[in-house]
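Scroll down for the structure; my scribbles are underneath it.
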Amino acid sequence: MVRRLHRAGGTVRAIYLNDALDNPRTVEHVRRFAAAGEEARFAPELPLKLVIADASLVLCDMPDPVAGAGSTTTLFIEHPALAGCLRLAFQTV
């Protein structure tokens, strides 16, 4: 998906936790995504996992309070205004 969007002139942005750098497999994934055109940022902590793809696609992976500890829910949202707001947040992290 990253390479396809990048070739089409779109952008893919991701924010990873700093702890991701401790895992060699995750580092390799980040390197591959970056080579495909992903813009990556790192932060000490985040309220949720987030990917912004192109101008309107957002993927959020959040803790799921109903399912219990360690469970997450991933939302795929196509909404240009939300993607725009989250792009601004991405630039400040």
Side-chain angles (χ1 to χ4, degrees):
M1 180 175 110
V2 174
R3 193 174 309 277
R4 183 174 47 89
L5 282 170
H6 187 67
R7 279 194 305 247
T11 58
V12 176
R13 296 178 172 111
I15 302 173
Y16 299 94
L17 289 172
N18 290 341
D19 295 348
L21 297 172
D22 296 334
N23 183 322
R25 289 184 64 192
T26 302
V27 170
E28 182 55 33
H29 287 291
V30 172
R31 284 186 178 143
R32 282 189 302 151
F33 292 148
E38 179 183 87
E39 295 178 31
R41 300 279 193 275
F42 294 86
E45 66 178 31
L46 296 167
L48 55 92
K49 293 181 182 178
L50 172 69
V51 176
I52 304 167
D54 209 12
S56 63
L57 304 175
V58 177
L59 285 87
C60 300
D61 190 35
M62 302 176 287
D64 188 331
V66 175
S71 296
T72 61
T73 296
T74 301
L75 301 175
F76 178 86
I77 306 163
E78 187 170 359
H79 195 286
L82 176 62
C85 289
L86 292 173
R87 275 193 309 276
L88 290 175
F90 174 83
Q91 296 300 330
T92 65
V93 171

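Remember, predicted model here, so these are calculated numbers, not experimental data.
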| task | Report the residues that fulfil salt bridge (Lys or Arg N to Asp or Glu O under 4.0 Å) with E39, sequence neighbours left out, ordered by chain and then residue number. | result | R13
| message | Once ring pair (Phe, Tyr, Trp, His ring centres under 6.0 Å) is applied, what residue pairs with a partner in residues 35-73 remain, sequence neighbours excluded? | response | Y16-F42
Pairs under 3.5 angstrom only: tabulate donor-acceptor contacts from the side chains of residues 61-69 to other protein residues two or more places apart or in another chain.
residue, atom, partner, partner atom, Å
D61, OD1, T72, OG1, 3.0
D61, OD1, T74, OG1, 2.9
D64, OD1, V66, N, 3.0
D64, OD1, A67, N, 3.1
D64, OD2, T73, OG1, 2.6

| request: With sequence neighbours excluded, give me every ring pair (Phe, Tyr, Trp, His ring centres under 6.0 Å) pair touching residues 49-74. | output: none
| request: Work out which heavy atom in L46 is nearest to a heavy atom in L17; give both atom names and the distance. | output: N-CD2, 3.6 Å
| Within 6.0 Å of CD in E45, more than 12 heavy atoms from elsewhere | no
| Closest approach of A43 and I15, non-hydrogen atoms and distance? | CB-CG2, 4.2 Å
Check: residues 19-27 side-chain donor-acceptor pairs under 3.5 Å, at least two apart:
residue, atom, partner, partner atom, Å
N23, OD1, R25, N, 2.9
N23, OD1, T26, N, 3.3

| Going from CG on L82 to CD1 on I52, what distance comes out if it is rounded to the nearest 0.5 angstrom? | 8.0 Å
| said: List the residues meeting side-chain hydrogen bond (donor to acceptor under 3.5 Å, both in side chains) with R31, not counting sequence neighbours, and say none if there are none. | reply: none
